[in-house]
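Here's the structure we're looking at; comments come further down.
Numbers for residues simply follow the sequence, beginning at 1.
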Amino acid sequence: MKQSKSEFWSGEEYDAQYGNSYVGELSFFQDLISHQKVSSLLDVCCGTGLVTIPLTRNLSHVVGIDFSRSMIDFAKYKSSSISDITFYEMDAAHFNLETVFDLIAMTGNAFQAFISDVDFSLMLKNIKSHMHADSLFVFDSRLPCPQHFETTNGYEHWSSYKSPTGENVEVYGLDSRHPQLNNTMLHHVRREYENGEQYHSYIELKYRSFDEIVKRLECNGLRLVEYYADWKKTPLTETSTSFVGVVKPL
C-alpha cells in the first residue's frame, strides 16, 4: 500500500504553506554538521528542498530524493544556481544511488508515511545501504498517543496561508482511523481559495511506538544512539508525543 501523492501536488503551494516550518530542523542539522565530520548529505523525502538547500553552504555533496515530481521540479528550480546539489524523483523504498553519505536526513515526519511494514523495512534497508561505518541517519516521528488518534465527524479548520498568487487559503481537515491498518490515521484535507476553488487531498500516517521503531531499526542493521522529544533536543519522556532519532549502523 503506497502513500498518496495528492497532498504533494504542487511545490510552489507546499512552500507557500510550509516554507517557514523547518527552523528547528535546520538549527539541529547545522549544529550537527559543525560538530561532526560531515561533508555529504542525502535528504530522503526531501520535498522542495526546504531543509536540503540551506545546508549546501556547509557541504560539498548534497542529494535530495522524493517520490513527487512536483516537489522535485520545484527543488531543482530553487537550487538551479547551486553546483553541489542534485535532486532525483525516487521512491525511498526503491532507490540506489550507488554511493554513501556522511549524513542522511528524513524530516517532516516522513518516517510515518511508510504505512506498510514491507515498505518501511525496504526504506530502512535502503538507508543502511547508503551509509558507511560512521554515517548518521536522523529522522523525526510522532508517537502513538490519544491526541494523535482523535477523529472528527466533519471537516474542522486547521490553518490559513497565502497561496503563491497571493490568495488567502483556508485549510480544513477531517481525521479518521484507517479502515485497513492498525495505528494508522487517514487525514482528508480541503483547501478553500478566495476565488471559490477547492483542492482535496489526503494523507495516511502510521504511528509506530518507540520500542517498535527501535526493534525495526535493529532488524535492518541500524541502532538508535541518541533520541530527543523534538528538534530542540528536549529530553524524551513517557509523555512525549514525538521524537527525533539519531541512528548509526550496527
Side-chain angles (χ1 to χ4, degrees), residues 1-28 45-51 54 66-75 78 106-115 139-209 228-232 234 239-244:
M1 185 174 290
K2 293 290 186 181
Q3 182 64 249
S4 167
K5 296 183 182 182
S6 61
E7 180 65 5
F8 312 103
W9 86 103
S10 166
E12 294 90 338
E13 198 81 21
Y14 187 89
D15 276 18
Q17 185 172 0
Y18 299 109
N20 297 317
S21 300
Y22 290 87
V23 175
E25 290 88 333
L26 288 170
S27 178
F28 183 99
C45 305
C46 66
T48 64
L50 288 173
V51 171
D66 197 277
F67 78 152
S68 167
R69 179 173 295 180
S70 297
M71 299 288 116
I72 289 297
D73 285 347
F74 196 51
K78 294 194 300 181
M106 181 179 286
T107 61
N109 297 299
F111 202 70
Q112 294 179 251
F114 300 88
I115 57 176
F139 67 92
D140 61 349
S141 180
R142 303 179 193 89
L143 294 169
C145 64
Q147 74 183 69
H148 288 154
F149 292 126
E150 290 180 356
T151 61
T152 57
N153 294 322
Y155 281 90
E156 296 183 351
H157 188 263
W158 280 3
S159 62
S160 305
Y161 68 94
K162 290 281 188 182
S163 76
T165 58
E167 283 187 85
N168 290 319
V169 186
E170 302 297 332
V171 185
Y172 298 84
L174 189 157
D175 304 320
S176 60
R177 289 273 192 164
H178 198 285
Q180 297 170 293
L181 300 173
N182 292 329
N183 296 326
T184 305
M185 293 295 290
L186 177 58
H187 303 286
H188 287 274
V189 185
R190 184 179 75 222
R191 290 173 175 83
E192 297 185 357
Y193 295 81
E194 279 187 279
N195 64 7
E197 292 183 359
Q198 294 185 0
Y199 179 78
H200 292 258
S201 62
Y202 72 92
I203 187 168
E204 300 156 298
L205 296 176
K206 180 85 169 182
Y207 291 84
R208 295 177 172 90
S209 69
Y228 310 99
D230 53 38
W231 293 105
K232 296 178 181 178
T234 303
T239 60
S240 297
T241 60
S242 62
F243 89 105
V244 173

All heavy atoms of Leu26 vs all of Pro54, minimum pair found to be CD2-CB, 3.8 Å
*Any donor and acceptor pair, going by atom type alone, linking the side chain of His148 with main-chain N or O of Leu143 inside 3.5 Å?*
yes
Between Thr152 and Asp175 (side chain of the first, backbone of the second, donor and acceptor by atom type, cut-off under 3.5 Å), is there such a pair?
yes
The side-chain contact (heavy atoms from CB on, under 4.5 Å) partner of Tyr202 among Leu186, Val189, Leu174 is Leu186
On a heavy-atom basis, the closest approach of Lys78 and Gly49 is NZ-C, 4.5 Å
Ser242 side-chain N/O to Ala229 backbone N/O, donor-acceptor pair under 3.5 Å = yes
Of all heavy-atom pairs linking Arg208 and Ile115, the shortest is NH2-O, 3.8 Å
* Answer whether the closest heavy-atom distance between the side chains of Phe74 and Ser68 falls below 4.5 Å. => no
| message | Do Thr165 and Ser163 pair up side chain to side chain, a donor and an acceptor below 3.5 Å, judged on atom types alone? | response | yes
Which of Phe139, Tyr228, Phe111 passes ring-ring contact (aromatic ring centres under 6.0 Å, His included) with Phe243? It is Phe139
- Query: Do other residues, nucleotides or ligands put more than 12 heavy atoms under 6.0 Å from Asn20 CG?
  - Reply: no
Distance col, row Glu192:CD vs Glu167:CD, nearest 0.5 angstrom, shows 12.0 Å
- Message: Could you check whether Arg191 pairs with Glu7 (Lys NZ or Arg NE/NH1/NH2 to Asp/Glu carboxylate O, under 4.0 Å)?
- Response: yes
- Task: Please check if the side chain of Ser27 supplies one atom and the backbone of Glu25 the other of a donor-acceptor pair under 3.5 Å.
- Result: no
Using modelled atom types and a 3.5 Å cut-off, is there a donor and acceptor pairing between side-chain atoms of Glu204 and backbone atoms of Thr184?
no
Inset, instruction - Go through the steps to decide whether Cys145 and Thr239 satisfy the test side-chain contact (heavy atoms from CB on, under 4.5 Å), and finish with yes or no. - result: CA-CA 9 Å; Cys145 64; Thr239 60; over 6 Å; no
Separation between OG (Ser141) and CG (Leu205), nearest 0.5 Å, reads 9.0 Å
Taken to the nearest 0.5 Å, the spacing of Thr151 OG1 from Arg177 CZ works out to 8.0 Å
Ala75 and Gly47 have their tightest heavy-atom pair at CB-O, 4.0 Å
Check your understanding: With a 4.5 Å limit on heavy-atom distance, are the side chains of Glu12 and Thr48 in contact?
Key -> no
Output for pair (Gln17 CD, Ser10 OG), nearest 0.5 Å, gives 10.5 Å
One should read off an interatomic distance between Gln198 CD and Glu170 CD, to the nearest 0.5 angstrom, of 12.0 Å
Looking only at heavy atoms, the pair that brings Met71 and Phe8 closest together is CE-O, 3.6 Å
Review point. Is the side chain of Asp140 donor-acceptor paired with the backbone N or O of Asn109 at a distance under 3.5 Å, no angle test?
Key: yes
Where does the angle between the aromatic ring planes of Tyr199 and Trp9 fall among parallel (under 30°), tilted (30 to 60°) and perpendicular (over 60°)? parallel
Check: Does Tyr207 have Arg142 sitting over its ring (NZ/CZ under 6.0 Å from centre, angle to axis within 45°)?
Finding: no
Can you check side-chain contact (heavy atoms from CB on, under 4.5 Å) on Tyr18 and Ser159, steps first, answer last? CA-CA 11 Å; Tyr18 299 109; Ser159 62; over 6 Å; no
When rounded to the nearest 0.5 Å, the distance separating CD of Gln112 from CD of Gln3 is 10.5 Å
On a heavy-atom basis, the closest approach of Pro164 and Glu13 is CD-OE1, 3.3 Å
Measuring only between side-chain heavy atoms, which start at C-beta, is Pro144 closer than 4.5 Å to Asn183? no
